[in-house]
Amino acid sequence: MSEARKYSINNVLKYLKDKLSKKERYAFDKEMSKDPFLADAMDGFSQLSPEELLSDGAKLDLRLKEHIAKKKTRKLIPYISIAASVVILFGIGTLMLYNNVNKISERNLAQDVNDEKFTDTIKADYLSPEDSRKLLDEFETSKESESSLNESELFDDKAKVSSPKKEMISKNKAPDKLVESIMIEEEAMPEMDDVELEELIVDEEPAVIAYQQKGEAPEAVLSGKAAGVETKKTIRIRGVSSSRRKSSREGYDSSPVLNFEIQGTIIDTYTKEPLIGAMITQNNNGAISDMEGNFNFRIEDDSLIQVSFIGYKTEELHVRELIENENIIELETDEIALSEVVVVGYGTNKKALNTGAVSEVDMQIETPENLSSTIRTKNARINYNSGFENHAEPVGGIKKFGKYLKSNSRFSPEKNMKVILEFYVYDTGRLGEINVIKTDEQKYSDEAVRLLIEGPEWTPAENNGKTVRELVNLKITFEKNE
Amino acid sequence: MNQNKDSILIKKYKDTNSLEILGELYHPFMPLVYGVCLKYLKNRETSQDAVIDIFEKLAVELKKHEIPVNFKTWLYVVTKNFCLMKLRKDGSESKAFKKMSDEIMDNGYSVHPLDKDEDVDLSPVLKACMEKLKEKQRISIEMFYYKKLTYKEIAVNLKVDEKKVKSDIQNAKRNLKICIENND
């Protein structure tokens, strides 16, 4: 019998209605005994009447067909909307450019005009990930510009102070158009007083940001690249405090600067639980995550951001990476065991914070210092992140476990293959929720899981005199043939 | 071999990204997926939704990873994990979740010596271990594997529930396996 027919609803129904011959029935039973998938499914079917089963089978067939058909049409829609937006933005861009062309040489912006504009357009403090991304895009594309703009100047104090107000408009421009098309707002910056702002140019030109030399016609600068590929909004801000301008500079004025706040979360990469009191810093700015692992942080420029927490490896990342991960930062525990750290008042901590049945949070509270420890042998390493008195381990110890792995492995690779699994050892000693965290190759992770499940029993972790559930991280190395 | 057929379809899917091809692969296994979901999630509508959700998951996972050696086994694991995660979302302390987590470990990946397709041989180790089994379990094993009676017949014979017969046999197999491995 082909694979398909074996498990078909029709066959199952026949079995349930006892319409199979003895031989067929026995074959079915044997298959059930051999195949846990079928056995489980039959258990599930026993909840339904044959009629219900038949109708559900038909329903599912139909749903699958519909689902496939639906997905096909949905794929086209994004392309159409992208195309449409490109056309629109391109159109707006050309309009803007046309408007701006005549204003290049003007120098004096009315300060008061600008101030009013600020208060009108200030919106939320925080940028959503989308807006942050847009801002970052513009910032980065501007950095890639062909000008000889000195990068260090981007982060001058001067530049920072002078740039951010993007709604700055020169006197003669049509202010409304510009304001409407700008989608990024910022907090008001009070220290604008001593800065003389020159001009704001909003281009919708594709990806070209050429810093304009004083007096040079924009067409010359932008020519050659105007054939747009993808439209990116570019905001160039020129304007530098005249009082602090370096005389040696050759007329490339200030640069775009990042300045926005984000909200995010810091979590443990394995348990996915929030880290409380983790530090996030950039240059000299810092913030700390709260009781839920959340933080508010102001991004100032695109230098690296550090995230650190005791017991975890410090992460350094770029603003872009942060945003691309939806402002969620994952930290990995440091394998160096903090065995020298003495936990004082362990019992008290638990009492004070443990206000309910929160077994998930328990992990964090019981290990205020995030003690991690490891036991290992040549081809296996177990990592623990909880500070339990006794950790869960395979009966016989890690060395015996390693030997078991070696002698029962079905494969011998040409080079060392590593698999990292993560699973719970329940207070009963049973294993559960085995997840593959990392693997060099799927067949090895499958094999690792098999070895784990069929391997020796595990003694559960113990704490305060009773067994507890523990999350265990296991790395198995399939050693190469000697 | 059936496994090759699945692998061929998966490769085709990876090359073309065609959901229809994936559907062709998935369709014969849908009842199994449905049954397992029913078992753990209990609810018909939820389980039917799950079948489609798992299909979507397949679409993503198969593209990401290498072709699994045994698609059916892999699909089984994915299905169980999906149900587990769903139960966990509804409250990790729920009875259903605990029950499932406990049960999951019962199903091994390897073929039990008794389940090999050839006629069951009576290796001395197997024989010795059989003797060690509890009476009830030994009888169930003998009736099922040696006398080749169906679950139904055994149930009638021993005057117990079919469910009990199945669980006795599963337990017996587990004990046998442990016994055999200890003696190797």
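Just so we're on the same page: letters track the sequence lines, and every chain starts at 1.
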Measure distances from [X] to the heavy atoms of chain B and classify the residue's part below 4.5 Å as side chain, backbone, both or neither.
X	result
A/Asp35	side chain
A/Lys22	both
A/Gln442	both

Using side-chain heavy atoms (C-beta onward) and a distance below 4.5 Å, is [X] in contact with [Y]?
X	Y	result
A/Trp458	A/Phe401	yes
A/Leu64	B/Met30	yes
B/Glu153	B/Lys147	no

Subject >> Approximate separation, where rounding is to 0.5 Å, of A/Glu330 CD and A/Thr265 OG1 >> reply: 10.5 Å
Subject >> Straight-line distance of B/Asn175 CG to B/Lys132 NZ, nearest 0.5 Å >> reply: 11.5 Å
Original post:
Distance-only, no hydrogens or angles: does the A/Tyr404 side chain make a donor-acceptor pair with backbone N or O of A/Gly455 under 3.5 Å?
Top reply: yes
Would you mind telling me which of [options] has the largest number of heavy-atom pairs within less than 4.5 Å of chain A?
options	result
B/Tyr151, B/Trp74, B/Tyr26	B/Tyr151
B/Leu32, B/Leu38, B/Leu41, B/Val33	B/Leu32
B/Ile169, B/Ile178, B/Leu75	B/Leu75

Original post:
Is the Lys NZ or Arg CZ of B/Lys80 less than 6.0 Å from the centre of B/Tyr76's six-membered ring, within 45° of the axis?
Top reply: yes
Original post:
Do B/Lys72's NZ or CZ and the ring of A/Phe37 fall within the cation-pi criteria of under 6.0 Å and 45°?
Top reply: no
Original post:
Listed by residue number, which members of residues 50-59 of chain B have a heavy atom under 4.5 Å from any heavy atom of chain A?
Top reply: B/Val51, B/Ile52, B/Phe55, B/Glu56
Original post:
Does NZ belonging to A/Lys272 count more than 12 external heavy atoms closer than 6.0 Å?
Top reply: yes
Subject >> Most chain B-contacting option - heavy-atom pairs closer than 4.5 Å, from A/Thr439, A/Asp18, A/Asn435 >> reply: A/Asp18
**OP:** Please work out which of the three classes, parallel, tilted or perpendicular, describes the rings of A/Phe45 and B/Tyr34, given edges at 30° and 60°.
**Re:** tilted
**OP:** Sort B/Leu149 into side chain, backbone, both or neither according to what part of it lies under 4.5 angstrom from a heavy atom of chain A.
**Re:** backbone
